[in-house]
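Working notes, structure below.
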Amino acid sequence: MCGIVAYIGPKDATPFLLEGLARLEYRGYDSAGVAVTGRSGGIKLRKVKGRVADLAAAVPARFKGTTGIGHTRWATHGVPSDANAHPHLDNAERIAVVHNGIIENADELRAKLAADGAVFRSETDTEVLAHLIAANVAEGVELEDAVRAALGRVVGTYGIAVLDAERPDRIVVARNGSPIVLGIGEKEMFAASDVSALVRYTRQVVHLEDGELATVRADGFRTFTEDARTTHRQPSTVDWEVDSYDTGGFEHFLLKEIHEQPGSVERTLSGRLDERFATAHLGGLNLDARELREIRRVKILGCGSAYYAGEMGAQLIEELARIPAHSEPASEFRYRNPVIEADTLYVAVSQSGETYDTLAAVQEVKRKGGRVLGVVNTVGSAIARECDGGIYLHAGPEVSVASTKAFTSTVVAFALLALHFGRIHDLSPADGRRIVSALKALPDQIREVLEQSEAIAGLAAEYADSAGMMFIGRVRGYPVAREGAQKLKEISYVHAEAYPASELKHGPLALISPELPTVALVPDDELLDKNLTTLGEIKARSGRVIAVGHRRPEEKLADHCILVPKSEPELDPLLLNIPLQLLAYHAAVALGRDVDKPRNLAKSVTVE
Ligand code: AGP
């Protein structure tokens with residue numbers, strides 16, 4: 001949710017900290033801060049409510065130090081304010097801490113520390129850590145031991161970086177549920193909550209495991225467990241391109257990522273289609289054909305757009321493999337004591353691989369002996385590591401808070417899984433070939449849709465100031481409607497409702513009026529006539545309709561029409577979704593919204 005950066009080396013830490021925070025800002029952006037120290041001793045601290053740019057403006061030229069930590073926040077405990085921004089200091093201003101996650105027993109610890117004389121200056125749970133660590137750093141106690149002792153009293157999740165003004169030769173970092181990655185430089189070291197902050201400086205990284213800590217010095221690092229046993233970690237090389245973290249000439253990351261979809265879909269498909277047997281090869285499943293034949297049910301778990309992509313995935317699996325499949329919000333599943341069945345395959349979906357609710361759902365399934373696959377974008381992320389196998393999306397980094405290219409690649413990954421499953425069961429070679437060719441055609445078809453961006457911008461401008469918007473679709477079109485509504489509300493703040501088209505007459509038809517336009521998914525499939533009837537019902541109530549489909553409905557049934565290329569019916573939802581991304585984007589721009597960093601949201605939701 002929040003972003004952490006840290007630097008230690010011969011240079012001034014501040015420029016790296018500020019640039020790193022700007023790159024992590026998509027993780028949280030209500031306040032930001034930096035703290036540095038050096039040989040001259042003492043901690044310099046600046047933190048402000050607002051964006052990283054506000055922080056940069058508040059940092060004076062003399063703010064220098066060779067060891068530093070920084071943070072960009074998404075508020076959980078306490079409102080966004082200067083005082084609640086990280087880093088947090090102890091009363092002697094010797095220890096500075098930045099923290100992602102939630103300390104669940106913060107109130108209890110706060111009361112004890114206050115009774116011992118600690119004076120709290122913020123409402124955050126994190127400040128507890130600064131006082132706790134300070135209480136443990138005594139003469140002859142190493143900083144890492146003081147941090148370990150403090151964390152031993154903490155219940156909750158954390159990724160932290162700790163600075164000690166009296167030991168400027170090191171930073172101590174720790175991970176439990178919130179990622180921390182070390183970056184190895186030339187006589188300098190970096191740490192961050194996400195590689196995006198590091199790739200300009202180094203490609204050699206070490207991902208800490210949960211329950212692991214590290215002492216980071218300019219010339220290297222040492223990792224160890226909470227009970228002080230040394231661990232041995234080999235660096236890996238980051239293969240994402242540096243320019244993935246730039247807008248590359250587009251006005252926003254979101255628009256860039258929408259336009260990257262032909263390439264990201266190609267990468268998701270790359271090397272996985274088998275034309276000879278009309279199937280898909282998915283090397284990471286760790287399940288052979290015999291084991292897959294024993295699967296009787298598929299349960300897909302994800303949050304937000306990942307859950308909607310899972311709904312599309314469930315339909316693909318049912319249609320191609322004829323195995324009952326269902327998608328459920330991981331955030332609900334984990335709390336309802338779910339029945340875990342031996343012949344059910346659980347599939348966790350997450351772009352970031354960090355979403356706490358999804359991770360907790362995976363852990364619940366595994367604790368009860370279930371088998372979980374991951375459909376994940378971020379290689380080596382917590383969810384990917386927790387799963388028994390899976391499919392990496394290879395969509396490339398997604399920076400904008402709203403998911404677009406990862407969403408599309410997730411659905412493509414499910415199409416591959418469904419094809420693979422189907423061909424193990426009863427999907428005919430002819431049907432397999434039909435799906436293989438349709439998948440190969442997708443990148444060019446997406447390009448065709450993207451060419452309509454300008455026309456869609458015109459429509460978005462016309463409808464952006466509506467009181468709300470209705471999104472409807474039948475069966476395959478319903479998850480498209482849900483994702484379309486999610487995208488619009490998330491980035492434009494226009495209220496949007498998604499309904500199955502078949503349900504309209506059971507209640508929501510009462511809402512239809514000229515003030516509530518409807519985006520209707522009307523693919524040219526076996527349900528076209530039913531969908532056209534629904535359009536007639538909306539028009540009869542003076543509703544305005546934007547139809548998205550494969551052929552223009554009669555003029556009396558739709559006010560506007562967006563046409564997309566026809567795929568196979570099972571894959572049509574993928575293409576129908578792309579104009580809805582553009583519609584949401586252009587509506588948000590027309591309304592002057594902060595497209596890449598919508599209010600109240602963050603890219604990775606690493607808290608409950
Ligand atoms: C997508 O536009 C949203 N920002 C959000 O719903 C997101 O899909 C959800 O939080 C899950 O994230 P994940 O894929 O990283 O797990």
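Side chains are part of it too, since the values below use all heavy atoms of this structure and drop only hydrogens, waters and symmetry mates. Note that ligands are numbered from 1 as they come in the structure, with each ligand's atoms numbered from 1 the same way. Given the structure is predicted, the values throughout are model-derived calculations rather than measurements.
- At a threshold of 4.0 Å, the pair Lys256-Glu251 does not count as salt-bridged, since none of the basic side-chain nitrogens sits closer than that to a carboxylate oxygen.
- Counting only residues at least two apart or on different chains, the side-chain hydrogen bond (donor to acceptor under 3.5 Å, both in side chains) pairs with a member in residues 372-381 are Gln351-Asn377.
- Of the charged side-chain nitrogens involved, none lies within less than 4.0 Å of a carboxylate oxygen, so that Arg367 and Glu386 do not count as a salt-bridged pair.
- In this structure, the separation between CZ on Phe471 and OH on Tyr478 is 13.0 Å, given to the nearest 0.5 Å.
- Relative ring orientation between Tyr346 and Phe333 is described as tilted, the plane-to-plane angle lying within the 30° to 60° band.
- Within 4.0 Å of ligand 1, protein heavy atoms belong to Cys303, Gly304, Ser305, Ala306, Ser350, Gln351, Ser352, Thr355, Val401, Ala402, Ser403, Gln486, Lys487, Glu490, listed by chain and number.
- By the 30° and 60° cut-offs, the orientation of the rings of His560 relative to Tyr463 is perpendicular.
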